[in-house]
Amino acid sequence: MLYQAPRGTSDILPQEQAYWRHIEQRVAHTAQLYGYERLDAPVFEDTKLFARSVGEDTDIVTKEMYTFEDRGGNSITLRPEGTAPVCRAYLEHGMKNLPQPVKLYYIASIFRYERPQAGRYRQHYQFGYEAIGGDDPALDGEVIDMAWQFFSSVKLRRLSLQLNSIGCKKCRPSYVAALKDYYAGRAGELCPDCQSRLKRNPLRLLDCKNEACQQIADRAPKSADYLCPECAEHFKQLKRYLELLGLPFAVNNRLVRGLDYYTRTVFEIQPEGGGTQSTLAGGGRYDDLIEELGGKPTPALGFAAGIERIILNLKKQKVEAPLLPRPPVFIAYLGEAAKNEAVKLAASLRRGDIGVIKALGDKSLKAQMRQANNLGVSYAVIIGEEELKSGTVIVRDMASAEQKSVPLGELQGELLQ
RNA sequence: GUGAGUGUAGCCAAGUGGUCUAAGGCGCCAGGUUGUGGCCCUGGAGAUCGAGGGUUCGAAUCCCUUCACUCACCCCA
């Protein structure tokens, strides 16, 4: 093989497209149901945008970004996530002057330099919804409802909804301090990864997969117990709204997220009992991000979901996507004169909005019919010498094998029945 | 970045040092008489056995390197 797709990337082949179109269609429809409008940002942005928003010390920024210098000497990065570009666009286009919150969604390729694995790629696709300029916990409830609704609309079953609140910049420091205190005495029992987490990113101690660490994490202080009165009230109200909506959420005290910009609400949707790399959607509030990027303080939240993982789970659950439309008509011909007629006929049917695949070359009728069969068309239209003379055409119903002679002028009407 | 496994035609796959100028199946193409598909029968095309190097009289089969894939860790959608 001389060339192959770069590591961690893949071609989305025709036979996969039904899933992709279906998901895109559901994403757009869900957006419309909740009043979100599409925004397409560039594939690459100024590197600083991601460094600032995602967090200088996060794994994404320190070791996973596709960053390069362009010919003008600017540091450019292929987007490793979708929220920051939307926020940048919000600021750049003065969307604070629109009625708030501004509700946007995207479907975009995402790039991260990682070791590929099940459900993890170097280029993958996410869609996401962002509501910028609202702090009402009812908005959190609506966003989570929208995520839940999306998944049920694509017929994914047995999902779990995990929820947590990690506080704001006022109350989180005291929680992190409590967490460090708790872990400080137990450092010796932790796995090597957690030893370094203790120093670099204490929140991540909570979701270590090591069994010994999990037992320690189970008894660790909970962020929800350290919320300031405002955050506590917000979280309480959110849970009330979720109950009102009938969403089966579970508070997971160990749910934290890997991007620095999250505040207060964080949530994830996972397949029940789904092992590793299984998170289908994740998101939360990022009340400080717009300000961090140079705007006025603007509360916001959103979530993103991975399309490949959704398709993986659809297949696992044997959910099929609606079939993509294909041309219903195949035109076969016999001889040069009939071929001319076939060329004209195909064009005329297509102008009449009927999809047509026309035979090519000078293959036997048998070969042409075999092709029609393989294409799965509903009708084969056959033109031969005799039909030319009489100005008719043979229409064969491929499923029933019934066929009849139809005058050329009546063909379109016949096919539309 | 770390660890384990795998790599034979478009797909599935037999073969673990000579009988491999590589089986079989699916798919594809073509025939089974003169203008007709799906079943059946027959035939055909398609593989430098992931790539490079080495061991050997001889390698798809052994060794090394490399690339890719899969799975797990890290991290994330």
Side-chain angles (χ1 to χ4, degrees), chain A residues 1-10 13 15 23 54-55 57-65 79-83 107-128 147 191-194 196-197 200-201 204 207-210 213 256-259 268-271 274-283 302-313 330 332-335 338 359 361 363-388 394-403:
Chain A
M1 204 72 66
L2 209 46
Y3 296 107
Q4 42 188 315
R7 183 160 207 195
T9 69
S10 56
L13 298 170
Q15 62 265 32
I23 288 169
V54 176
D57 293 328
T58 57
D59 279 16
I60 291 180
V61 171
T62 56
K63 52 186 210 194
E64 294 178 359
M65 294 206 304
R79 66 174 160 235
E81 62 102 37
T83 299
I107 300 175
S109 50
I110 300 291
F111 303 84
R112 288 182 204 163
Y113 188 85
E114 305 182 272
R115 271 300 268 285
Q117 195 183 322
R120 199 177 68 187
Y121 314 96
R122 288 185 174 177
Q123 181 188 180
H124 74 280
Y125 289 81
Q126 291 183 9
F127 63 83
C191 70
D193 283 328
C194 280
S196 79
R197 287 190 183 108
R200 298 185 54 245
N201 195 349
R204 294 229 69 95
D207 63 356
C208 181
K209 287 178 191 130
N210 182 293
C213 296
V256 293
R257 307 212 20 95
L259 290 80
E268 282 188 6
I269 290 177
Q270 303 184 343
T276 58
Q277 314 302 330
S278 57
T279 299
L280 292 170
F303 76 93
I307 297 181
E308 287 84 350
R309 287 184 186 180
I310 292 170
I311 293 175
L312 234 43
N313 279 275
F330 183 86
Y333 53 81
L334 287 148
K363 288 192 275 205
S364 69
L365 184 57
K366 178 177 185 152
Q368 295 182 68
M369 292 306 289
R370 188 158 43 220
Q371 190 186 350
N373 185 58
N374 289 349
L375 287 165
V377 297
S378 307
Y379 300 99
V381 171
I382 303 167
I383 313 174
E385 307 283 322
E386 290 171 26
E387 287 71 29
L388 270 186
I394 292 172
V395 177
R396 180 181 179 88
D397 181 317
M398 294 299 281
S400 67
E402 285 167 19
Q403 60 184 47

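Computed from a predicted structure; not experimentally measured. First the proteins, then the strands, lettered A, B, ... as listed; each starts at 1.
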Report task. Would you mind telling me which residue lines up with the more 5' stretch of RNA chain B, A:L365 or A:I60, judged by nearest nucleotide? Result -> A:L365

Report task. Check step by step if side-chain contact (heavy atoms from CB on, under 4.5 Å) holds for A:Y113 and A:K63. Result -> CA-CA 7 Å; A:Y113 188 85; A:K63 52 186 210 194; over 6 Å; no

Requested in this report: Answer with base, sugar-phosphate or nothing: what part of the nucleic acid does A:A399 contact at a heavy-atom distance below 4.0 Å?
Outcome: base

Query raised in the report: Under 4.0 Å between a side-chain N/O of A:Q117 and OP1 or OP2 of B:rA72, yes or no?
Result: yes

Query raised in the report: If you look at every strand shown and take non-hydrogen atoms under 4.0 Å, does A:R396 touch a base, only sugar-phosphate, or nothing?
Result: base

Query - Watson-Crick or G-U wobble partner of B:rU61, both distances under 3.5 Å - result: none

Report task. Under 4.0 Å between any heavy atoms, over every strand shown, what does A:A372 touch: base, sugar-phosphate, or nothing? Just pick one. Result -> nothing

Query raised in the report: Who is the Watson-Crick or G-U wobble partner of B:rC71, with both distances under 3.5 Å?
Result: B:rG3

**Report entry** Below 4.0 Å: OP1/OP2 of B:rC75 and any side-chain N or O of A:R115
**Finding:** no

Query raised in the report: At under 4.0 Å between heavy atoms, what does A:G283 touch on the DNA or RNA strands: base, sugar-phosphate, or nothing?
Result: nothing

Query raised in the report: Looking at B:rC71, B:rG32, B:rA68, which one has an atom nearest to any side-chain atom of A:K366?
Result: B:rG32

Query - Strand partner of B:rU66, provided both Watson-Crick or wobble distances fall under 3.5 Å - result: B:rG50

Report task. Between B:rA23 and B:rA9, how far apart are the C1' atoms? Round to whole Å, please. Result -> 13 Å

Report task. Report which part of the nucleic acid A:Q15 touches: base, sugar-phosphate, or nothing (heavy-atom distance under 4.0 Å, all strands). Result -> nothing

Query raised in the report: Using a cut-off of 4.0 Å on non-hydrogen atoms, how would the nucleic acid contact of A:A401 be classed: base, sugar-phosphate, or nothing?
Result: base

Query raised in the report: Among B:rC69, B:rC71, B:rG38, which nucleotide sits nearest the side chain of A:R7?
Result: B:rC69

Query raised in the report: Taking atom types as they are modelled, is there a donor-acceptor pair under 3.5 Å from the base of B:rU36 to the side chain of A:Q403?
Result: yes

Query raised in the report: Is A:N374 near enough to B:rG37 that one of its side-chain N or O atoms lies under 4.0 angstrom from OP1 or OP2?
Result: no

**Report entry** G-U wobble or Watson-Crick pairing nucleotide for B:rU42 (cut-off 3.5 Å, both distances)
**Finding:** B:rA30

Query raised in the report: Is there a donor and acceptor pair closer than 3.5 Å between the side chain of A:E387 and the base of B:rG35?
Result: yes

Report task. Report the nucleotide, chosen from B:rU36, B:rA68, B:rA30, that has the shortest atom-to-atom distance to any side-chain atom of A:M369. Result -> B:rU36

Report summary line: Nearest heavy-atom approach of A:A338 to A:L388 is N-CD1, 3.5 Å

Requested in this report: Have a look at A:E81 and say if it touches a base, only the backbone sugar-phosphate, or nothing, with a 4.0 Å heavy-atom cut-off.
Outcome: nothing

Query raised in the report: What heavy-atom pair brings A:S109 and A:Q123 nearest, and what distance separates the two atoms?
Result: CB-OE1, 3.4 Å

Query - Selection from B:rC75, B:rG31, B:rC69 that lies nearest to any side-chain heavy atom of A:P116 - result: B:rC69

Query raised in the report: Quick one: which of B:rA77, B:rC75, B:rA30 gets closest to the side chain of A:R204?
Result: B:rC75

Requested in this report: Using a 4.0 Å heavy-atom cut-off across all strands, classify A:E386 as base, sugar-phosphate, or nothing.
Outcome: base

Query raised in the report: So what does A:I394 hit on the nucleic acid, given a heavy-atom distance under 4.0 Å: a base, only sugar-phosphate, or nothing?
Result: base

Query raised in the report: If you find the nucleotide of RNA chain B closest to A:T58 and the one closest to A:L334, which residue's nucleotide is nearer the 5' end?
Result: A:L334

Requested in this report: Answer with base, sugar-phosphate or nothing: what part of the nucleic acid does A:R197 contact at a heavy-atom distance below 4.0 Å?
Outcome: sugar-phosphate

Query raised in the report: Looking for any heavy atom pair under 4.0 Å, which part of the strands does A:I382 touch: base, sugar-phosphate only, or nothing?
Result: base

Query - B:rU56: pairing nucleotide in any strand, Watson-Crick or G-U under 3.5 angstrom - result: none

Query raised in the report: Roughly how far, to the nearest 0.5 Å, is CE of A:M398 from OG of A:S378?
Result: 9.5 Å

**Report entry** Non-hydrogen atoms of A:T279 and A:E268 that approach each other most closely
**Finding:** OG1-OE1, 3.2 Å

Query raised in the report: Contact class for A:Y121 (heavy atom, under 4.0 Å): base, sugar-phosphate, or nothing?
Result: base

Query - Considering all heavy atoms, the nearest A:G335-A:E385 contact - result: CA-OE2, 4.3 Å

**Report entry** G-U wobble or Watson-Crick pairing nucleotide for B:rU16 (cut-off 3.5 Å, both distances)
**Finding:** none

Query raised in the report: Heavy atoms under 4.0 Å, any strand shown: does A:G82 hit a base, just sugar-phosphate, or nothing?
Result: nothing

**Report entry** A:E308 side chain to A:Y125 backbone, donor-acceptor under 3.5 Å
**Finding:** yes

